[in-house]
Structures are given as structure tokens and as C-alpha cells.
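These numbers come from a predicted model, not from an experiment. We name chains A, B, ... by the order of the sequence lines, and we start the count at 1 in each one. In what follows, every heavy atom counts, from backbone to side chain, and hydrogens, waters and symmetry copies are set aside.
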Number of protein chains: 2
Amino acid sequence: MGRWKVPENLWMRPERSARGPQPSFSRAALTEAAVRVADAEGLEAISMRRLAAEIGAGTMSLYRYVSGKDDVIELMVDSVVAQYLPEDAVISGDWKADLGALARRARRTMLRHPWLAPLAANRQGASPNRLRLLEASLRMVDGLGLGVDEMLTLIGAVFAYVNGFVQSELAEAEALRRTGLDLKEWTALQAPFMMAVIASGDHPMIARMATEGGRAYADIEERFEYGLERVLDGIEARLPESDG
Amino acid sequence: MGRWKVPENLWMRPERSARGPQPSFSRAALTEAAVRVADAEGLEAISMRRLAAEIGAGTMSLYRYVSGKDDVIELMVDSVVAQYLPEDAVISGDWKADLGALARRARRTMLRHPWLAPLAANRQGASPNRLRLLEASLRMVDGLGLGVDEMLTLIGAVFAYVNGFVQSELAEAEALRRTGLDLKEWTALQAPFMMAVIASGDHPMIARMATEGGRAYADIEERFEYGLERVLDGIEARLPESDG
DNA sequence: ACTCAACCAGGTACGGCGTACGCAATGGGG
DNA sequence: CCCCATTGCGTACGCCGTACCTGGTTGAGT
């Protein structure tokens, strides 16, 4: 029948209202603590109890500032995602350079905050800084003869690549951090299985990879650049003719 | 000083050993139950207690088959990821067609199992079916004049795009499922904030998007194809000259 | 044929988690 | 000045992953 509980929009609820005692904390302090803890110990270290302790509050007091853990995550993402684009960013008019720079800054930000990549990929509700980024991205590709829908498709493709790349880039490092192993131990753990696979003879390419490709794979920066430039090139090749 | 607990490699531990009573369950049954539950109720419905109940076992009995929840996830991913490539897949020799088909099947599989995309992006340990996919992918791009490292870079770029795209594609649907809202309620919830943003006048492109781009954005299939083809085109343009 | 180490099933318990609920204290608007 | 919206937060509930332990089962070695 009726609604049971209408979830409120975090970004519309004012931080504080007129009447009542002075709040002792703030969303900003909560967000800062959450980002700090997640940077140092990973997203799984984020709990309402832990955050409350971190800012010197009672656990349930947090619920005066956010409606639940999801809101905390939302605040974390929005605050950090702002770094994708510097405050004073200007749009040069060269869409490939502008969008490429945004993509590279996005990657750097996600590498600095390893918990961000999966969240950034999975959330898409509107938030202040995400909208600011979207606005800037649209301006970068405005004037190429594309409709708004096509601009969104273009931007979406670039960010799909960036998010996907950074996630796989971080996967190994995060696995190591979670298990507390170092790289040597981890490969030693995988080795017997890989050996068995290679010995089976069913996977000749993987065998080649294990021997021939032994020199550390391509540099990770190069790999990111390779894909990013391929995406931008592929997009450029199908742009409508410009009458400039 | 010494090691405290060496995590064992799931894929090297034999499912059953010689001595002792007949096992009542199996990894396969556990995996099947896990996939079934996650498909129907989402990854957050997966718990050791729930899975045990699902196959009629005591909770702690599961630990005879896997070393913990992580192993269950690993089994789920490996079992489902097999669908990226049909058993009888043949490599045509047209690398764009082959890799494109693999990418499209990967997307279809992730859409059928909405819990898969984030896991597929974040795991990269070796597992039987993942190695089978890697082997096939390498064979698809063999003979293009690339070294193994370059092949891996190429394949990585394509899958980065696919994973990133599908994750953002699923984000909204998953948010709706988690909250139990339907699309109308969800947009109604976001509306006031979007209205405020548009009214502020700071985001003209977003305002244009909200009015002009009202017609449902581009079809999602088209958007996926657009990006996939741009990536493949961009790659092709920089391939070494073929002497065919 | 017998033994017993190796294996199985699973109960209990511990320390975490998110958060619903209720209560006492506070302080600005009327 | 006083009302009551608002704050801080203690308690409690129902989940979670899994360490540890007991007690039953079985096949390989003698």
C-alpha cells in the first residue's frame, strides 16, 4: 500500500537546522575521517563504530549526520572525486588533450585512494562534484558536432575504459594488502598451479607468456596510455567532419 | 618470525582425498547454490550460513570444502566466467571479430549475473576458466606481429573497457534492486536536487542534457557497441604492418 | 581381520557488523 | 521565559565469518 520508509536525498538534507543544541561534529569531519581510515586500512576498515571512535563520537551519533553507512560512502566518493579536475581547470578546446588529462587525473586519484575505483564504477547517482565533472566533460566535447546524447556516449566510453583499467591495475595490490603477503610469497603460492597448467600442454600461449614474457610485462603507465590513446583515436576517427 | 598461516591455493587442493568417510557434499553443489542465490538475491545474500542451509549442510561443514568465503567467491567467478567463451569456440582468424564476439559474450554473461562484473574486474589470480579465456584471447591476437607483452596490453585494454562499461551499466539497476524502489520513485527522489542544480545556472550543459537529451539517452546496446568498436578501431590503426 | 590415523559433519562461541529505538540534555524562536 | 525540535548516545537485536572442539566414519597398512 503506502510507502514504508522514504529514503531521503543526502544532498538535499541541510546539514543543520535552526533549533536545538549546537552539533558537536560535522559531515566534513566525518568524511575526512572516513577517507583517512580507508586510505590507510582499506574500505573494509570503515565501520560506523570505527568512524565514531575516530572523531570522538558515540556510534549512534553519526546517524544525526547521515542516514546510514551508504551516505558515508557517498560523501567519501563525492569528496575525493573532486580531485579529478583541479579547481582552476580551463578547457583548452583540444578535446583529446582535455579529456585525456581528465582521464589521467582520474586514474591518479583512484591510485591514491585505492578504495575509490570500485565505488566510482558502481555509483551513478547525482552528487555535487560528480555533476561538476560531468559538466566539465560535456564542455570539453561540446562543439564537435555531436548531440548531447552522443557526447554522453563518448564520455561514457572513455570513463568505462579508465575505471576498468584502474580496477584491474589495483586488483593485485589490493589482494596483497588484504592477505598481508608480499609479492614473492603470492607468486610462490600461485606457482604450483601455473606449473601444472603449463605442464599440461593445453595452454601453449600461456606457457609462452610465462617464459618469453618474463620481463615484468609492459610498464603499467605505458599500458594505460596505450589503451587511453587507442580509445581517443578510435573516437576521433568517427567524429563528424568539422567545418573549422 | 615464521609464517602464521599459509593460505592454500584453492585450485591445487584436491576436492577429496583417499581415507575417511564419503563426503556428503561437493564444491560443485556449493558453487551451484551460491550462483543461484546470488543471481536471485544479489551478492549480499551470500553468507556461509545461507549457503549451508541451501545445500542442507551445517554451516561449519562448508569449511571442509573451501577454506573460507573468499574461496566460494572464487569458485563462483570461475564457474560463471566460463560462459564468456563457448566450449566449441573456434578462432576465425579475424581478430576484431573474434575479440569483439568474446567481449559481447562477456557483457551478456555479466548482465545475466549482475554480481559478476565487480568481482571479475577485481580478481586476477589464476583459475582454470580464466586461464582458458586468456589462452583463447592470446590465440585470437597471435600472428599480428605483436610480442606476448603487447598482446596482453591489447587484450587488457579491451577488457578494461568491457568491465568498466558493464559496471556502470549495472549500477543503476543494482541501486534500484538494493533499495527496492522502482525507476519512477528513484528519479522522483533525485529530482529536487537536479532541479536545484539546474536552477543555479552553474551547469548549463547539464541543464541542456536534462531538457534536450530527454529521449532516454542513447540505446544502451548502441552505446556499448560504440565504445567497443572505437577501442578495436583505435587498436587496429596502430597495428604493425601485416605482410599478408 | 584389526587397528588407527585421517578424514568427515557440525555444534558452540567469540568478536565484529549495521542500525532501530528510546531517553536525557540543550538552546533558539515565539 | 519556556517550549519543543534537535542533539548525543547507551542498549539491544539479528546478522556475519570463522576458530575450536567433539564424535562418528572409513580405508590403507599390518
Q. Just by distance, do the side chain of A:Asn122 and the backbone of A:Pro118 share a donor-acceptor pair under 3.5 Å?
A. yes
Q. Is the shortest side-chain N to carboxylate O distance from A:Arg177 to A:Glu172 below 4.0 Å?
A. no
Q: Would you mind listing every salt bridge (Lys or Arg N to Asp or Glu O under 4.0 Å) that reaches into residues 47-69 of chain B, with sequence neighbours excluded?
A: B:Arg36-B:Glu54, B:Glu41-B:Arg50, B:Arg50-B:Glu54
Q. Any Lys/Arg nitrogen of B:Arg13 or B:Asp71 sitting under 4.0 Å from an Asp/Glu carboxylate oxygen of the other?
A. yes
Q) Considering the options B:Leu75, B:Thr109, B:Thr31, which one meets the side-chain contact (heavy atoms from CB on, under 4.5 Å) requirement together with B:Val80? A) B:Thr109
Q: May I have the distance from A:Lys69 (atom NZ) to C:dA20 (atom C1'), rounded to whole angstrom?
A: 18 Å
(Q) Output the rounded distance in Å from CZ (A:Arg50) to P (C:dG18). (A) 12 Å
Q | Length of the line joining A:Arg178:CZ and D:dG17:C1', which is rounded to integer Å | A | 15 Å
Q.
With a 4.0 Å cut-off on N to O distance, would you call A:Arg107 and A:Glu169 a salt bridge?
A. yes
Q) For A:Leu62 and D:dT7, what is the distance between atoms CG and P respectively, to the nearest whole Å? A) 13 Å
Q: Summarise protein proximity over nucleotides 6-13 of chain C in one line of letters, 5' to 3': B for base, S for sugar-phosphate only, - for none, counting protein heavy atoms closer than 4.0 Å.
A: SBBBBBBB
Q: Whole angstrom is fine here: how far is it from CE in A:Met48 over to C1' in D:dG8?
A: 14 Å
Q: If the plane angle is over 60° it's perpendicular, under 30° parallel, otherwise tilted; pick one for A:Phe159 and A:Tyr84.
A: parallel
Q: Please report, rounded to the nearest Å, how far the P atom of C:dG18 is from the CG atom of A:Asp71.
A: 14 Å
**Q.** Ring center gap for B:Tyr161 and A:Tyr161 short of 6.0 angstrom
**A.** no
Q) Can you list, by residue number, the residues of residues 32-47 of chain B that have a non-hydrogen atom closer than 4.0 angstrom to DNA chain C? A) none
